[in-house]
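Residue numbers start at 1 and run along the sequence shown. What you see below is based on every heavy atom in this structure, not just the backbone, and it leaves out hydrogens, waters and symmetry mates. For clarity, every value in this text was computed on a predicted model and none was experimentally measured.
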Amino acid sequence: MGFDPVSGVGLATLWLVGGCCFFTASALPLCLNLEAPVPIKYPLEFCSDFGYRTGCCDSQLDKQLNIRFNSMNITSQICSEYIKEILCAQCDAFAAELHGPHDTKSSPNLCNSNASSVHESKGYCSDVWDACRNVSITDSPFSPHLLNSAPSHPRLSANNDTLSAQWPSRRDFCAAFAPPASDPYNASFCFDGGPYQFQSEKQDTAPKGICLQKVELGAYINMIPHPDGSNRVFLASQSGKVWLATLPEKGSSNPITLNESAPYLDISNLVVDNEEFGFLALAFHPNFLQNGRLFVSFNCDKTIWADCAGKCSCTSDVGCDPSQVGNAALKISSKEVRRIFTLELPYVSHHAGQILFGPKDAYLYFMLGDGGGTGDPFNFAQNNKSLLGKILRLDVDNMPTTEEIANLGLWGNYTIPDTNPFKNERLARPEIWALGFRNPWRCSFDSLKPLYFYCADVGQETYEEVNLVTKGGNYGWRVFEGPNLYNPPASPGGNTTESSILPIFPILGYYHNQVDPKQGASAIIGGYVSRSEQDPCIYGRYLYADLYGSVMWAGLEFPPGSGNYSATTINFTCSASSHFPCEFVGNSTIPKFQYIFSWGQDNDRNLYILSNGGIFKVISPTACDFTCKKSLPSQFQPNSAPVPTRSSTAISSHASRSASLSILSSNTSFMLGLIIWAWLM
């Protein structure tokens with residue numbers, strides 16, 4: 001499957017560029033270790049019969065599966081064929097999806113209907129039961145003890161490893177290992193004996209338009225829902241002030257209310273507020289209501305604040321000569337108020353700086369740009385010894401000892417999760433979760449599908465992109481800008497060849513000339529997957545916009561779970577019922593945003609646009625005379641739980657792409673600061 005730079009990317013693909021072929025990895029699906037599947041370079045031996053060409057097996061895993069299969073001592077030939085198929089499902093490109101959402105990773109979801117089974121019977125799960133029910137299977141993948149909630153019934157036997165001894169009936173067995181019909185998304189992923197293939201479905205029609213309501217006049221760069229699940233949010237300014245605000249009741253046209261003279265948090269005396277500098281992000285610890293821990297990320301100047309100090313990112317260890325970038329430095333640090341991380345950056349741009357907690361693992365994800373300079377001259381984004389151009393994943397609950405900090409070369413008070421992809425690699429930083437980013441600008445987890453981690457990345461000269469971030473994924477910069485090879489104007493730090501990496505190309509994106517050929521450069525502002533009841537026609541679509549506010553897109557994965565995306569531009573306007581009258585661009589119906597800084601989300605998952613022209617809430621499309629005939633999915637649960645906390649990051653002129661970026665003066669050093677504040681409500 002080839003790449004459409006507007007609509008998205010399919011599975012791993014062989015590309016031909018300049019007469020040289022190279023392979024790419026895929027954004028989705030995922031392997032059991034949550035890494036992206038890749039082309040299988042060498043023929044498999046044990047799992048060779050199933051046609052896996054792109055997937056999750058290498059020769060080592062193939063050998064491990066063979067050893068496990070032999071240790072099962074299965075005497076029935078028919079049953080052994082089924083068990084072999086099931087074990088080799090770990091090689092499938094959709095292994096993670098096929099093995100969820102059950103508590104066990106030993107067996108995939110087993111199909112149990114004629115429509116989805118390649119076997120002529122009642123269904124694949126029933127076939128497995130019939131073939132293996134009375135067969136002894138040592139270390140069976142179907143043992144109830146592998147489930148977190150093992151069933152209890154009179155026939156459950158710990159000493160008998162046949163299915164009939166461990167499960168009272170076919171119905172009970174398939175209830176445990178077939179996907180639940182009540183969950184349409186996961187029910188679509190089931191294993192029927194061979195590589196997973198999607199059934200043809202009818203795609204939803206594109207939304208007619210998005211209706212906005214102006215609810216606040218101020219310019220803010222962050223909106224974070226209150227962790228208590230209420231209708232309150234935190235609004236942050238670039239200058240370093242954070243306010244606790246109350247949202248209007250559902251269906252009301254009233255504005256957001258806040259006391260501007262009484263900020264919840266004011267660190268403006270520590271924050272450098274100038275163009276791309278400032279307060280960058282905040283995030284609440286998942287257990288904030290119990291521990292009161294609030295995390296913030298910001299730029300500071302050590303000539304003003306003595307504690308603004310840390311390690312330099314431009315060193316000989318990463319092939320960077322500090323004399324070539326001046327004596328500039330950008331850093332990340334902490335205090336207890338505790339400093340978590342300190343990093344000096346070489347240039348004045350591409351800081352990123354967003355922080356958010358993973359909804360499933362509760363680790364802190366930290367987005368870092370390539371540090372600036374046209375074309376990432378020192379190739380930081382592809383250098384795994386550098387933290388620049390990366391997404392980091394940190395454990396901020398377990399503090400390291402002084403000895404651990406020294407031995408591991410940590411940049412602050414955090415530890416490394418055991419599941420980080422480079423933790424045990426000598427030539428890579430263990431903090432890294434993913435690499436190959438230029439300036440990740442607004443990332444978010446899908447609140448319904450938390451394995452979907454979307455990150456928009458600002459381009460250099462031609463292309464803006466949206467990536468689905470996976471463990472250990474390489475997103476291409478600066479070898480690629482979007483789907484295109486990139487040639488940097490200068491390379492004092494060396495180059496990375498396209499044949500040496502497995503890039504994961506964007507799922508969505510746009511070229512600059514698609515926005516406004518006359519205006520030229522643009523910058524993407526990443527958003528969210530809509531999961532609220534405010535507009536059923538955008539439900540399940542990922543929304544993103546351009547900095548200049550003239551274009552918005554809705555991206556849709558179809559079929560669901562496939563990793564295949566398409567995007568449509570969406571009409572949008574402002575409702576006449578807005579409490580604050582909307583201004584429009586010229587004679588158009590486009591609201592006058594000036595610049596879009598960020599997207600926001602409340603605890604009901606309603607979406608907001610944060611701009612220089614105020615805050616705009618997405619409301620029912622009928623308020624702007626847009627039609628929507630679509631209904632919300634039957635499993636939709638409004639306000640079921642507080643949305644996983646995530647922070648926004650946006651600064652008005654972050655997209656500046658001057659031909660030569662200015663370097664920090666030799667007598668000034670800035671710091672990108674990530675600090676834990678123990679604030680209690």
Side-chain angles (χ1 to χ4, degrees), residues 8-9 25-37 93-97 100-101 185 224 281 283 286 352-369 381 389-395 417 419-422 431-458 465-477 503-509 524-531 540-544 555-557 560-565 598-599 601 605 607 643-649:
V9 63
S26 57
L28 275 180
L30 295 174
C31 301
L32 284 182
N33 62 1
L34 301 186
E35 293 184 7
F94 291 87
E97 290 84 354
Y185 172 72
I224 306 297
Q354 184 184 359
I355 51 177
L356 57 90
F357 283 92
K360 291 181 70 70
D361 57 25
Y363 291 127
L364 186 70
Y365 289 77
F366 182 31
M367 277 50 79
L368 278 174
K390 312 297 193 300
I391 292 178
L392 313 184
R393 182 173 179 253
L394 312 175
D395 182 347
T419 48
N420 273 19
F422 303 105
E431 297 92 342
I432 297 172
W433 181 252
L435 65 144
F437 298 94
R438 181 176 179 271
N439 192 22
W441 205 259
R442 303 293 281 111
C443 302
S444 64
F445 290 94
D446 184 343
S447 58
L448 184 65
K449 304 175 184 178
L451 289 180
Y452 282 58
F453 183 18
Y454 294 85
C455 271
D457 196 17
V458 177
E465 63 188 74
V466 178
N467 297 295
L468 267 178
V469 178
T470 57
K471 176 182 177 181
N474 187 334
Y475 293 86
W477 175 253
I504 299 177
F505 282 164
I507 56 166
L508 299 162
I524 193 169
I525 305 296
Y528 293 86
V529 175
S530 175
R531 294 296 181 191
R541 295 175 185 264
Y542 176 78
L543 302 184
Y544 57 105
L556 180 67
E557 182 190 32
S562 66
N564 297 320
Y565 280 77
S598 180
W599 293 75
Q601 185 173 239
R605 303 190 180 103
L607 298 183
V643 180
T645 307
R646 86 179 266 288
S647 57
S648 31
T649 304

Among all residues two or more places apart in sequence or in another chain, which pass the salt bridge (Lys or Arg N to Asp or Glu O under 4.0 Å) test with Asp395?
none
In chain order, what residues pass the salt bridge (Lys or Arg N to Asp or Glu O under 4.0 Å) check against Arg393, with sequence neighbours excluded?
Asp361
So Phe437 and Val469, side-chain contact (heavy atoms from CB on, under 4.5 Å) or not? Walk me through it.
CA-CA 11 Å; Phe437 298 94; Val469 178; 4.0 Å; yes
What closest approach, in Å, do [X] and [Y] show between heavy atoms, and which atom pair accounts for it?
X	Y	answer
Phe453	Met367	CZ-SD, 4.3 Å
Arg438	Asp457	N-OD2, 2.9 Å
Lys449	Pro560	NZ-CB, 4.3 Å
Ala352	Pro440	CB-O, 3.5 Å
Val466	Tyr454	CG1-CD2, 4.2 Å
Leu32	Ala96	CD2-CA, 4.1 Å

Quick one: pull up [atom1] in [X] and [atom2] in [Y] and give me the separation to the nearest 0.5 Å.
X	Y	atom1	atom2	answer
Glu97	Ser562	CD	OG	10.0 Å
Leu607	Ser530	CG	OG	5.0 Å
Asn420	Glu431	CG	CD	8.0 Å
Asn439	Cys455	CG	SG	11.0 Å

Check whether any side-chain heavy atom of [X] lies under 4.5 Å from a side-chain heavy atom of [Y], and answer yes or no.
X	Y	value
Leu451	Lys360	yes
Val529	Tyr452	no
Lys471	Trp433	yes
Ile525	Trp441	yes

According to side chain to side chain donor-acceptor pair (under 3.5 Å), who are the partners of Glu465, at least two apart in sequence or on a separate chain?
Asn467
With Ser447, the side chain to side chain donor-acceptor pair (under 3.5 Å) member among Gln601, Arg605, Arg531
Arg605
Can you name the residues that form a side chain to side chain contact (heavy atoms under 4.5 Å, CB included) with Asn474, not counting sequence neighbours?
Gln382, Leu435, Ile501
Pair Tyr542-Glu557, side-chain donor/acceptor within less than 3.5 Å
no
Decide whether Thr470 and Tyr475 meet the rule of one side-chain donor and one side-chain acceptor closer than 3.5 Å.
yes
Strictly under 6.0 Å, is that where the ring centroids of Tyr544 and Tyr528 end up?
no
Using the ring centroid of each side chain, check whether Phe445 and Tyr365 are separated by less than 6.0 Å.
yes
Looking at Trp599, is its backbone amide N or carbonyl O close enough to the side chain of Arg442 to form a donor-acceptor pair, meaning the two atoms are under 3.5 Å apart?
yes
Between the main-chain N or O of Gly527 and the side-chain N or O of Ser444, is there a donor-acceptor pair closer than 3.5 Å?
yes
Evaluate Leu368 against Ile391 for side-chain contact (heavy atoms from CB on, under 4.5 Å), listing each step before the verdict.
CA-CA 6 Å; Leu368 278 174; Ile391 292 178; over 6 Å; no
